[in-house]
Amino acid sequence: MVTRAHYLEVIRERLTNFPVVSVLGPRQVGKTTLARVIAGEQPSHFFDLEDVDALARLAAPKVTLERLEGLVVFDEVQRKPDLFALLRVLADRAPLKARFLLTGSASPAIVRGVSESLAGRVAMVDIAGFNLQEVGPGEWRKLWWRGGFPRAYLAATDAASRQWQEEFVRTLLERDMPQLGITIAAATLRRFWTMLTHYHAQVWKGSELARSLGASEPTMRKYLDLLSSTFMVRQLQPWHENVAKRQVKAPKVYVRDSGLLHCLMRQPAFEDLEAHPKLGASWEGFALEQVLSVTGDRDAYFWATHGGAELDLLVHWRGRRYGFEFKYGDAPSLTKSMHIALADLKLDRLFVVHPGDDSYAMSDQAEAVAIMHLPARLAEASTGSGH
Ligand SMILES: Nc1ncnc2c1ncn2[C@@H]1O[C@H](COP(=O)(O)OP(=O)(O)OP(=O)(O)O)[C@@H](O)[C@H]1O
Ligand SMILES: [Mg+2]
């Protein structure tokens, strides 16, 4: 078992402050495993809503749930959306008789239910695949290549890992999407997703995609949003600083899990990726997810002006403004674009994350951070200590 101390701590903390905590993330990322650990720590009742017996126990939900005490877990809550209204009533009881932990892997359904019924009563915790901190920073190459889904990361061999990913993609498209009421043909969505890997880490070009797939731009947008809402794709929004430069408006798009990216790109082995033109883009996406797994993504953007100045990632975190550049190269140095970003965006600090072995200062405000030092460096920044 890989220990997910950070998530456990966050979920425990939220449960003390909210009557309902909702754990959201992609399929197979480890939501149930986390919920079971939390449930095992206290008196609890566990309802797996994909299980017919659990559903039978909830045939008369009000009567059943009203008398339960302790922690009540609903795993895959989107399977029984009529629970939300009842949860609202149960969460408003005083004194609070039970708290509720929900897990879900379909954000549109769950977010709608949660926001419409449980506003002000619920805390959301987003779960992603394993990060560097969890697997050990020295394992970054393996994590990058295989991605963070537990079964892909922990597979006995790279081949077994890839097999699992292929199966995951197939199941998502052929079973999970239709269960969400999505009626787009699996083959169509797969073609779109595969095509999207060519645009990984680029500004969204809906018209280009529409042309190559022979579909309309709004249709492309709809597919993009669909893959985003099931946590497969990230849309990073542009930051608009109040300066007199024309700035880019469309989001940047990323296949969130680097392992699934490599699977969809049909890269047979790490060595092939190293010779691939998308190597730098893959690195950018991987390192970006590592940062966001620590800082959270609620206040994260990219920045680009039509004049050519760019910043891969801007995060407002713990009262500070951090910039990140992701460079696949051994010993990055300060570029003109980095100087402009530092000045125009008034960054407190700029981190240039690279795959080499050394971390070093590049200027008063900028430093190169080796990926294996990233978790420790972010932990340091979070406590306000710095250089
Ligand atoms: N921390 C972990 N260490 C090792 N293996 C893990 C860990 N978390 C999850 N796994 C493994 O990954 C797989 C998926 O885990 P789990 O069922 O908890 O995910 P899930 O998000 O609930 O998936 P689903 O969406 O399909 O319900 C399981 O085989 C589980 O044993
Ligand atoms: Mg589960």
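Just so you know, ligand 1 is whichever comes first in the structure, and atom 1 is the first atom listed for that ligand. When reading the values below, keep in mind they use all heavy atoms of this one structure, side chains included, and skip hydrogens, waters and symmetry mates.
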Atom of E139, atom of Y153 and distance for their closest heavy-atom approach: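 Of all heavy-atom pairs spanning E139 and Y153, the closest is CB-OH, 3.3 Å.
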Considering all heavy atoms, the nearest H200-V255 contact: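 Nearest heavy atoms, H200 then V255: ND1-N, 3.0 Å.
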To the nearest 0.1 Å, how far is [atom] from its closest protein heavy atom, and which atom is that?
| atom | value |
| --- | --- |
| atom 21 (O) of ligand 1 | K31 NZ, 2.6 Å |
| atom 22 (O) of ligand 1 | T32 OG1, 2.7 Å |
| atom 19 (O) of ligand 1 | G30 N, 3.0 Å |
| atom 6 (C) of ligand 1 | P150 CB, 3.6 Å |
| atom 29 (O) of ligand 1 | R151 CD, 3.2 Å |
| atom 18 (O) of ligand 1 | T33 OG1, 2.5 Å |

Start with the C-alpha distance between W140 and F286, add both sets of side-chain angles, then the distance that settles ring pair (Phe, Tyr, Trp, His ring centres under 6.0 Å), and finish with yes or no. CA-CA 10 Å; W140 64 268; F286 169 66; 7.3 Å; no
Based purely on interatomic distance, does [X] place a nitrogen or oxygen under 3.5 Å from a nitrogen or oxygen of ligand 1?
| X | value |
| --- | --- |
| Q28 | yes |
| M1 | no |
| T3 | no |

For E325, which of L313, L334, V352 qualifies under side chain to side chain contact (heavy atoms under 4.5 Å, CB included)?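 For E325, the side chain to side chain contact (heavy atoms under 4.5 Å, CB included) check succeeds only for V352.
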Is the closest protein non-hydrogen atom to atom 16 (P) of ligand 1 under 4.0 Å? yes
So, do [X] and [Y] sit near enough that their side-chain heavy atoms are less than 4.5 Å apart?
| X | Y | answer |
| --- | --- | --- |
| S282 | L261 | yes |
| W193 | Y223 | no |
| K62 | V89 | no |

Could you see which bit of [X] sits under 4.0 Å from ligand 1, with heavy atoms only: side chain, backbone, both or neither?
| X | result |
| --- | --- |
| D75 | neither |
| E50 | neither |
| F130 | side chain |

Treating Ile, Leu, Val, Met, Phe, Trp and Tyr as nodes and any side-chain heavy-atom pair under 4.5 angstrom as an edge, say whether L264 and F270 lie in one connected cluster. yes
Would you say F74 and L96 are hydrophobically clustered, going by side-chain heavy atoms of ILVMFWY under 4.5 Å? no
Looking at ligand 1, does E134 have a heavy atom less than 4.0 Å from it? no
salt_bridge(R211, E208) N-O dist < 4.0 Å: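 Result for this pair is no, no salt bridge flagged.
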If the threshold is 4.0 Å, N to carboxylate O, is there a salt bridge linking D158 and R146?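 Yes, charged N to carboxylate O under 4.0 Å.
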Ligand-residue contact atoms, ligand 1 with [X], heavy atoms, under 4.0 Å:
| X | value |
| --- | --- |
| R27 | 24 (P), 25 (O), 26 (O), 27 (O) |
| V2 | 1 (N), 2 (C), 3 (N), 4 (C) |
| R4 | 1 (N) |
| L154 | 4 (C), 5 (N) |

So, 2.8 Å as the limit: is an N/O/S atom of T32 located closer than that to the Mg ion (ligand 2)? yes
Cationic tip of R36 above F46 ring, under 6.0 Å, 45° of axis: yes
